[in-house]
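All figures in this text were calculated on a predicted structure; none of them were measured in a lab. To find a chain, count down the sequence lines: A is the first, B the second, and so on, and within it residues start at 1.
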Amino acid sequence: MRFPRLGLALACALASFASHGAADDARRAIAARIEAQLAAAAAAAPVEAPAQAEPAAPPGPTPAERGKALWVRKFKDGKSLASCYPNGGRRVAASYPLYDGRLKRVITLEMSINQCLKVHREPLLEGTDPQTMGALTAYLRSLAEGRKIAVRVPAAAEPRFEQGRRLYFTRFGQRNFACASCHVQNAGRIYAEQALSGAVGQAARWPFIRAGQAVTLQAQIRDCLDRMGAAPFGAGSDEMNDLEYFLTYLSQGQPLKPNTPR
Amino acid sequence: MRARFRFPVALAALMLALPALAQKDRGLELFVRPDKGYCIACHAVPPAAGPATRSNIGPALSGSRMRELGSPALHELLRDPTRASPDTIMPPFGKHRILEEREIDAVTEYLLALP
């Protein structure tokens with residue numbers, strides 16, 4: 001009786017490993033393609049970093065400081081957001097988004113914050129609002145700054161990763177661009193006087209700070225979709241979460257570097 | 001006698017040339033507007049023909065190459081470049097109604113007049 005159980009456990013473990021391997025293979029293939037494209041772009045026309053000073057920070061608290069104030073604010077029941085996370089939220093951000101096998105959904109950092117608020121009967125936050133959710137992610141990700149991204153793609157999550165990959169490579173909207181048109185096929189080339197970033201590493205750098213406000217990865221993707229002439233997916237929608245899941249796994253192992261000014 | 005006709009002839013020539021000049025200017029405007037063609041984001045143009053950029057997603061555009069293509073082919077390329085090159089990332093400006101036919105005409109005129 002013990003052997004069939006052992007066999008089942010072994011089969012599950014192997015299936016999980018194999019599936020993880022498939023996501024890993026996709027990640028390696030895309031990373032290699034981007035690396036080759038970046039090298040080709042640099043050889044064709046070396047991009048000189050524009051000699052511009054970092055944008056001056058507006059007066060007042062930074063987004064991460066505003067986020068900290070929200071993080072420690074006491075709820076009506078005396079708890080706080082910090083009480084919902086292990087170690088008060090230190091080092092947790094590098095493992096998001098994560099896959100919830102029970103819900104069969106990808107859970108982002110923003111969703112986990114709203115889940116905590118819901119449990120404590122507090123008003124929920126808008127997923128891309130820079131004043132609240134943006135500031136909170138700025139603080140929470142600053143608590144994991146330098147930690148390497150460690151997102152898991154178990155076998156059950158493979159369809160979510162694959163859906164994110166598919167969306168990333170699908171052409172959308174009036175301009176008929178895919179995310180990959182710019183950030184894989186043309187990474188390193190100049191579009192509108194800006195060198196296009198490669199898809200690998202993008203998920204390590206959010207939120208970035210624009211005009212004193214924290215811009216989350218999903219807010220940036222929505223902005224891109226808008227410029228592509230496509231109706232953006234809702235923040236926190238399954239499509240957007242799958243995209244974030246895929247994009248974050250592409251940056252697996254890269255250290256978190258949030259709150260860089262743009 | 002000859003002097004009496006010089007001014008009206010010059011005026012008539014100017015009036016004939018104005019629509020073409022206006023069309024070219026309109027073409028440049030559509031070429032650089034982010035909500036219209038925004039071709040300048042991907043293509044560089046010769047100095048003085050438009051803003052100086054480092055854009056290199058698509059090839060740098062030159063008048064000789066545009067005239068080599070010719071007006072009908074250029075118009076069709078702007079309308080739907082995916083017909084000739086299915087994998088191109090150039091937007092189908094006419095097919096997806098980013099530009100109207102008259103606007104594609106104006107951009108075509110601008111491109112044909114590039115140095």
**Student:** So for Ile98(B), is it side chain, backbone, both, or neither that comes closer than 4.5 Å to the heavy atoms of chain A?
**Tutor:** both
**Student:** Chain A contacts: which residues in residues 64-85 of chain B have a non-hydrogen atom closer than 4.5 Å to it?
**Tutor:** Thr82(B)
**Student:** Taking 4.5 Å as the heavy-atom cut-off, does anything in residues 170-187 of chain A contact chain B, and if so which residues?
**Tutor:** Arg171(A), Gly173(A), Gln174(A), Arg175(A), Asn176(A), Phe177(A), Ser181(A), Gln185(A), Asn186(A)
**Student:** Could you walk me through whether Tyr191(A) and Ser55(B) satisfy the side chain to side chain contact (heavy atoms under 4.5 Å, CB included) test, starting with their C-alpha distance in whole Å, then the side-chain angles of each, then the deciding distance to 0.1 Å, before giving a yes or no?
**Tutor:** CA-CA 6 Å; Tyr191(A) 176 86; Ser55(B) 309; over 6 Å; no
**Student:** On a heavy-atom basis, which atom in Ile57(B) and which in Leu196(A) lie closest, and how many Å separate them?
**Tutor:** CD1-CD1, 3.5 Å
**Student:** Look up atom CZ in Arg189(A) and atom CZ in Arg54(B), then write down how far apart they are to the nearest 0.5 Å.
**Tutor:** 14.5 Å
**Student:** Mark yes when over 12 heavy atoms from residues, nucleotides or ligands other than Glu35(A) sit less than 6.0 Å from its CD; otherwise mark no.
**Tutor:** no
